[in-house]
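Just so you know, these numbers use all the heavy atoms, side chains as well, and skip hydrogens, waters and symmetry mates. The chains referred to below are lettered A, B, ... by the order of the sequence lines, with proteins before strands, and numbering in each begins at 1.
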Amino acid sequence: EMQLLQSGGGLVQPGGSLRLSCAASGFTFSSYAMTWLRQAPGKGLEWVSAISTTDDTTYYADSVKGRFTISRDDSKSTLSLQMNSLRAEDTALYYCAKVPPDQGFYDLWGQGTLVTVSS
Amino acid sequence: DIQMTQSPSTLSASVGDRVTITCRATQNIRSWLAWYQQKPGKAPNLLMYDASSLGRGVPSRFSGSGSGTEFTLTISSLQPDDFATYYCQQYNSFPWTFGQGTKVEIK
């Protein structure tokens with residue numbers, strides 16, 4: 001069974017850092033682009049960042065560019081999101097998701113992990 | 001960025017009703033549109049992709065149509081398990097963007 005299991009998250013003060021992880025199983029992780037998305041409390045979905053397969057090219061939403069870093073470790077089938085200089089507006093449920101080849105939709109999602117930025 | 005607008009924002013319906021949700025894009029996105037279902041406390045689940053292709057394991061009462069800037073998601077006969085929030089998402093142009101969601105409630 002294909003699965004994405006997330007860890008990390010929690011409460012952090014403004015300006016602080018946090019690292020999210022997403023462990024993949026049941027599929028060949030290295031063959032798929034991966035993304036992070038988020039959903040602020042009671043709000044809709046927002047794409048945050050993506051990483052490709054072949055050359056690990058990375059992409060970021062303007063709202064997180066320069067503060068967040070996406071990475072992948074294909075040997076461990078793990079996706080990560082390093083979040084620095086966190087702001088109150090980064091408070092959200094964060095999801096990792098798998099992208100089918102040459103597509104732009106998400107066919108497998110993690111369970112979500114909550115990040116709360118508050119003093 | 002391409003803006004996606006869904007209507008209605010909330011929809012009240014009864015079991016057995018035919019339900020239609022509309023999604024409009026500010027630019028031509030061809031058929032590069034997906035639909036997701038999200039239940040409270042859960043991650044979204046892919047329903048449709050390429051505007052009209054059914055996701056894996058999705059019941060056939062769900063269907064999608066449209067191209068260009070206007071799209072619809074139809075549930076032919078609403079079931080108790082279908083009460084949820086539905087999102088459209090375009091993947092024609094980066095950044096891929098979502099509609100604001102349509103909540104389907106019990107009437």
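- Residues A:Tyr95 and B:Pro44 are in side-chain contact: their nearest non-hydrogen atoms beyond the backbone lie under 4.5 Å apart.
- A:Phe105 CZ to B:Trp35 CH2: the interatomic distance, rounded to the nearest 0.5 Å, is 15.5 Å.
- When hydrophobic clusters are built by joining Ile, Leu, Val, Met, Phe, Trp and Tyr residues whose side-chain heavy atoms come closer than 4.5 Å, directly or via intermediates, B:Tyr91 is grouped together with A:Tyr59.
- Contacts with chain A were tallied for B:Tyr36, B:Tyr49, B:Trp32; B:Tyr36 has the most, counting heavy-atom pairs under 4.5 Å.
- Annotation for A:Ala50 and B:Phe94: closest pair CB-CZ, 4.5 Å, computed over non-hydrogen atoms.
- Checked by atom type and distance alone, the side chain of A:Gln103 never pairs as donor or acceptor with a backbone atom of B:Asp50 at under 3.5 Å.
- Linking ILVMFWY residues whenever their side-chain heavy atoms come closer than 4.5 Å, directly or via other members, places B:Ile2 and B:Met48 in the same cluster.
- Rounding to the nearest 0.5 Å gives a distance of 11.5 Å between OG1 of B:Thr97 and CG of A:Leu45.
- One distance of note links OH of A:Tyr106 with CG of B:Leu46; it measures 11.5 Å at 0.5 Å rounding.
- Put simply, the side chain of B:Tyr87 reaches to within 4.5 Å of the side chain of A:Gln39, judged on heavy atoms.
- When heavy atoms are compared at a cutoff of 4.5 Å, A:Leu37 approaches chain B solely by way of its side chain, counted from C-beta outward.
- Cluster membership check: B:Met4 shares its hydrophobic cluster with B:Val104, using side-chain heavy-atom separations under 4.5 Å among Ile, Leu, Val, Met, Phe, Trp and Tyr.
- Clustering ILVMFWY residues whenever any of their side-chain heavy atoms sit less than 4.5 angstrom apart, transitively, puts A:Trp36 in the very cluster that holds A:Leu18.
- Heavy atoms of B:Gln38 lying under 4.5 Å from chain A belong exclusively to its side chain.
- Taken together through direct or relayed side-chain contacts under 4.5 Å among Ile, Leu, Val, Met, Phe, Trp and Tyr, A:Val117 and A:Phe68 form part of one hydrophobic cluster.
- Here the shortest heavy-atom pairing between B:Ala43 and A:Gly110 reads CB-O, 3.2 Å.
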